[in-house]
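Structure first, then comments.
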Amino acid sequence: VSADRALRGDLEDRADALEALLVHEREATDAYLLTERVRSDDDVSNRDDFLGMVAHDVRNLLNLVMLGLETIQPPQRKKPPAYVSAGKVRIQRYVARMNRLIGDLVDVTSIDAGKLAVEPVEADAAALMAEATTTFQPAAREKGISLSAEIPEGAMLAVFDHDRMLQVFANLLANAIRFTPSGGLIAVRVERIRGALRFCVSDSGAGIPAAKLEAIFERFWQVGKDDRGGMGLGLYISKCIVEAHRGRIWAESKPGKGSELYFTLPIPSSRRRRSRGK
Ligand SMILES: Nc1ncnc2c1ncn2[C@@H]1O[C@H](COP(=O)(O)OP(=O)(O)O)[C@@H](O)[C@H]1O
Ligand SMILES: [Mg+2]
């Protein structure tokens, strides 16, 4: 019994010591945070550079994970058992998701610093639509959703940053697939309107409450508490990209009837004159 009491005493002593340590730790952290707060903009840009470096390294490692997965092969080129293939696919998805999360964080940091890289050049928007739709076809099919695109015949030339606009399409299509139940429909369209191309990604999914149609473009914003799988940055970044092209992005939705996400891409006036002359 006395050994028991001694042990208990010992445990209590240790708990006290730990508590004291934690108080100390907390004070140290508070002091650290205070000095952090009075730091200058220089440090913010250092922080951004630092984040950039970390993101770069993490991405390299993620690529190595992807490559490493490819080397997991049973001998004699036999087909791997189903659980191995399924496990591989799962890991690939997690890695892809991590890549996207890191990409989004880097983009938001760049936006804050006022230096989101957008390099518009003349390119074919119809081809871009086709590329985006093809990329998401497997994900839609897997969820039992029909994804269709009305790709116009012939080129639709506009001035845009291909990778950035693909990122916008990817955000909209990934959302549409996430918020549309199996058996649903997603359609991608484009129209020529005055001085611009107007794209639309529509879905037959959950829809967006009228009061939230603007809020969804704010950062870290999600309608439902369990709208997980993202951080609520996709539409915010998409808006910044579209506005960097002098376009506009907005959402329309009838409750229970799905959502329509629109964005425009202005056609430069020189190009408009040229195409009208044809
Ligand atoms: N097609 C859609 N249908 C229903 N809700 C949507 C749709 N697209 C976006 N939303 C709502 O807007 C929120 C923000 O979207 P987004 O910025 O892409 O962030 P995330 O995809 O990380 O949740 C989503 O969490 C969801 O609540
Ligand atoms: Mg999203």
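Every number for a ligand or one of its atoms is a count from 1 in the order of the listing. Quantities reported herein were computed from a predicted structural model and do not represent experimental measurements.
Between Leu197 and Arg192 the shortest side-chain heavy-atom distance falls below 4.5 Å. Contact annotation: the side chain of Val188 approaches that of Phe169 to within less than 4.5 Å [non-hydrogen atoms, C-beta and beyond].
Listed by number with element, the atoms of ligand 1 under 4.0 angstrom from any heavy atom of Gly207 are 4 (C).
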Q | Glu150 and Arg189: CA distance, side-chain angles, deciding distance, salt bridge (charged side-chain N to carboxylate O under 4.0 Å, His left out) verdict | A | CA-CA 5 Å; Glu150 295 167 26; Arg189 290 178 315 228; 5.1 Å; no
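Contact annotation: Ser259 has at least one heavy atom less than 4.0 Å from an atom of ligand 1. Residue contacts with ligand 1 leave out Gly258, since none of its heavy atoms falls under 4.0 Å from the ligand. Heavy-atom distances between Asn171 and ligand 1 stay at or above 4.0 Å for every pair. Residue contacts with ligand 1: Lys212 is excluded, as none of its non-hydrogen atoms falls under 4.0 Å.
Linking ILVMFWY side-chain heavy atoms closer than 4.5 Å, directly or via other members, places Ile102 and Leu64 in two distinct hydrophobic clusters.
Taking the six-membered ring for Trp and thresholds of 30 and 60 degrees, Phe263 and Phe199 have nearly parallel ring planes, at less than 30 degrees apart. Using a 30° and 60° split on the angle between ring planes, Trp250 and Tyr262 fall in the parallel class, below 30°.
Contacts of Asp203 with ligand 1, taken as heavy-atom pairs under 4.0 Å, involve the side chain alone. The side chain of Ile208, and not its backbone, has at least one atom closer than 4.0 Å to an atom of ligand 1 (non-hydrogen atoms only; side chain from C-beta on).
Between Asp203 and Arg178 there is no salt bridge, since no side-chain nitrogen of the basic residue lies less than 4.0 Å from a carboxylate oxygen of the acidic one.
Selection from Leu261, Leu101, Asn175 by nearest heavy atom to atom 18 (O) of ligand 1 gives Asn175. Evaluated by nearest non-hydrogen atom to atom 20 (P) of ligand 1, the leading choice among Ser238, Ser204, Ala176, Gly232 is Gly232.
With a cut-off of 2.8 Å, the Mg ion (ligand 2) has an N, O or S atom of Asn175 in range.
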